[in-house]
S.K.: 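Here it is, the structure in full.
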Amino acid sequence: MTDLSHLTTNFSRELTACDSLDSLEKIRIHYLGKQGLITAQMKLLGTLADTERKSFGAAVNDVKQYISETIEYQKNILETAAINARLASETIDITAPIRSIQCGTIHPISQATEEITAIFGAMGFTVAEGPDIEDDFHNFTALNTPETHPARQMHDTFYLPEGSDGRKMVLRTQTSSVQIRTMESNKPPYRIIAPGRTYRCDSDMTHTPMFHQVEGLLVDKHITMAHLKGCITDFIHRFFENDNIPVRFRPSFFPFTEPSAEVDIGCSWENGELKIGAGKSWLEVLGCGMVHPAVLTNVGVDPECYQGFAFGLGLERLAMLKYGIADLRTFFDSDSRWLQHYGFPALDIPSLIGGLTR
Ligand code: 2NL
């Protein structure tokens, strides 16, 4: 049996010295814990005679209640003090300037892809995709490109090292290979566009080794060059948002189309500034033609039953013209200031059904 008043005095002294929740918890354990001083006194009760147990038990209980209530009270005081200290140290300076928030933007190439996809989407074209790494057949042979064609030469095309299967693979030089694959694995009619990356071994002011194309293909019964001209003219008017732009089809040559044409739009140069839509000059914007019968035969489509047209356009060039971008190479610099300036807000993508919404 310990002198309870001695125990209480010690407790009070310890409590006075206690100034943190941690040390308060140590005090609680010291008195009320499993091995604590009060707990030890409670355990002692069983060894006492009845009369003694009654009075001492009541006394121990009183002290125990006093200690636990005092600790609880002190805990409240310390917790409140801790909160007040935090509130005092964590004040918010509402006069401080905000941190600038920089939102990402849609790259002009992505924007142009979306706009072009929306225009052709409204005409019933769907998007087809295929691999960037192609075999010789899908990139050249199926497209009626002669073995001697300059496009096949080493200096125009990125050839990959020959694999163990001996297959000659290339980085696709146009996205036509996507349309070849679509025709191989589906029955006509076809009405697809193939946007994507293309690669040519070329690098100067107006060429980058990787660039973007959208190719289109429409094959059905009774398709004529009039359909081609109408489709391309409508596209140009919608893309440049001006129905009065003069459009000119100029005879040209591609191995995969016959006849073939290059398409120019009317423009003028005033004080060195390009104006699209009127004037005496012409600007080439895309190439097109009626799909060569040999190409249809190569993918198992009977050219006696089906005809069609195809076109290919360079996205960088069209984006430069529409958005007023002067230098091709800036597209690929990843300069965030350039992207802030020429990029588009993320929630402004034209709907695939409604056409342009900008
Ligand atoms: C250009 C010219 C063109 C095609 C691409 C094509 C695809 C198939 C069949 C026939 Cl599967 N033709 N594509 C046709 C004419 C021109 O691109 O100057 N592109 C930038």
Side-chain angles (χ1 to χ4, degrees), residues 109 112-113 116 120 125-131 134-146 149-151 156-157 172-186 188-200 202 206-208 210-220 223 225 227-229 231-232 235-236 239 247-265 282-301 303 306-321 328:
I109 291 295
T113 309
I116 292 168
F120 284 108
F125 286 78
T126 54
V127 172
E129 288 182 307
E134 265 300 358
D135 53 44
D136 196 68
F137 175 78
H138 290 94
N139 196 74
F140 291 125
T141 311
L143 283 153
N144 200 35
T145 317
H149 196 278
D156 274 6
T157 307
R172 66 183 182 197
T173 54
Q174 67 263 61
T175 57
S176 327
S177 52
V178 176
Q179 332 215 62
I180 295 295
R181 287 182 179 278
T182 306
M183 289 194 283
E184 274 179 328
S185 48
N186 297 279
Y190 312 108
R191 202 184 277 229
I192 50 170
I193 56 167
R197 292 193 170 126
T198 47
Y199 308 84
R200 284 181 205 173
D202 215 345
T206 53
H207 298 86
T208 49
M210 188 281 293
F211 56 104
H212 297 79
Q213 273 200 340
V214 177
E215 282 217 7
L217 174 77
L218 189 148
V219 173
D220 207 333
I223 297 299
M225 198 145 180
H227 296 110
L228 166 64
K229 290 184 77 175
C231 175
I232 295 297
F235 162 69
I236 287 170
F239 182 73
V247 178
R248 176 174 84 169
F249 289 75
R250 179 167 40 79
S252 184
F253 177 83
F254 303 111
F256 27 87
T257 45
E258 184 60 35
S260 305
E262 264 156 338
V263 180
D264 302 332
I265 57 174
W282 294 97
L283 200 68
E284 184 186 322
V285 288
L286 60 88
C288 61
M290 302 306 291
V291 179
H292 197 293
V295 174
L296 294 173
T297 307
N298 287 340
V299 294
V301 173
Y306 288 96
Q307 307 77 39
F309 64 80
F311 57 88
L313 56 86
L315 266 172
E316 283 80 1
R317 185 174 172 73
L318 283 191
M320 285 168 82
L321 290 173
L328 167 73

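All ligand and atom numbering here is 1-based and tracks the order in the structure. Numbers here simply count residues along the sequence, with the first being 1. Here the structure is a predicted model, which is why all the values come from computation and not from measurement.
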S.K.: Assess Leu286 for proximity to ligand 1: is some non-hydrogen atom of it under 4.0 Å away?
M.R.: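 Contact absent.
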
S.K.: Quick check on contacts: which atoms of ligand 1 are under 4.0 angstrom from a heavy atom of Cys288?
M.R.: 15 (C), 16 (C)

S.K.: Does Glu215 approach ligand 1 within less than 4.0 angstrom via side chain, backbone, both or neither, non-hydrogen atoms only?
M.R.: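 Glu215 to ligand 1: side-chain contact only, backbone stays beyond 4.0 Å.
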
S.K.: Identify the protein heavy atom lying closest to atom 11 (Cl) of ligand 1, giving its residue, its atom name and the separation to 0.1 Å.
M.R.: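 Ranking protein heavy atoms by distance from atom 11 (Cl) of ligand 1, first comes Gln179 CB, 3.6 Å.
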
S.K.: Sub-3.5 Å donor-acceptor pair from the side chain of Asn139 to the main-chain atoms of Thr173, do we have one?
M.R.: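 Confirmed, Asn139 side chain pairs with Thr173 backbone.
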
S.K.: What atoms of ligand 1 come closer than 4.0 angstrom to any heavy atom of Gln213?
M.R.: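 Selected atoms, number and element: 19 (N), 20 (C).
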
S.K.: Has Arg172 got a side-chain atom pairing as donor or acceptor with Gly130's backbone, closer than 3.5 angstrom?
M.R.: yes

S.K.: Look at atom 1 (C) of ligand 1 and say which protein heavy atom is nearest, naming residue and atom and giving the distance to 0.1 Å.
M.R.: Gly312 O, 3.5 Å

S.K.: Applying a heavy-atom cut-off of 4.0 Å, say which part of Phe256 lies close to ligand 1: side chain, backbone, both or neither.
M.R.: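 Both backbone and side chain of Phe256 come within 4.0 Å of ligand 1.
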
S.K.: Are any non-hydrogen side-chain atoms of Gln213 and Ser176 less than 4.5 angstrom apart?
M.R.: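 With C-beta onward as the side chain, the pair stays apart.
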
S.K.: Is there a donor-acceptor pair under 3.5 Å between the side chain of Arg317 and the backbone N or O of Glu284?
M.R.: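 Side chain of Arg317 to backbone of Glu284, a donor-acceptor pair under 3.5 Å: yes, one is there.
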
S.K.: So Val178 and Glu215, do their side chains get closer than 4.5 Å, heavy atoms only?
M.R.: no

S.K.: Please report which non-hydrogen protein atom sits nearest to atom 8 (C) of ligand 1, along with the residue it belongs to and the distance in Å to one decimal place.
M.R.: Leu143 CD2, 3.7 Å

S.K.: For Asp264, does its backbone N or O pair with a side-chain atom of Arg248 as donor and acceptor, under 3.5 Å?
M.R.: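 Checking the backbone N and O of Asp264 against the side chain of Arg248, no donor-acceptor pair under 3.5 Å is found.
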
S.K.: Taking 4.0 Å as the limit for heavy-atom contacts, which would you say applies to Gln174 with ligand 1: side chain only, backbone only, both, or neither?
M.R.: neither

S.K.: Check the angle between the aromatic planes of Phe309 and Phe125 and answer parallel, tilted or perpendicular using the 30° and 60° thresholds.
M.R.: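 Tilted, since the angle between the ring planes falls between 30° and 60°.
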
S.K.: For atom 12 (N) of ligand 1, which protein heavy atom lies nearest, and how many Å away is it?
M.R.: Ala310 CB, 3.2 Å

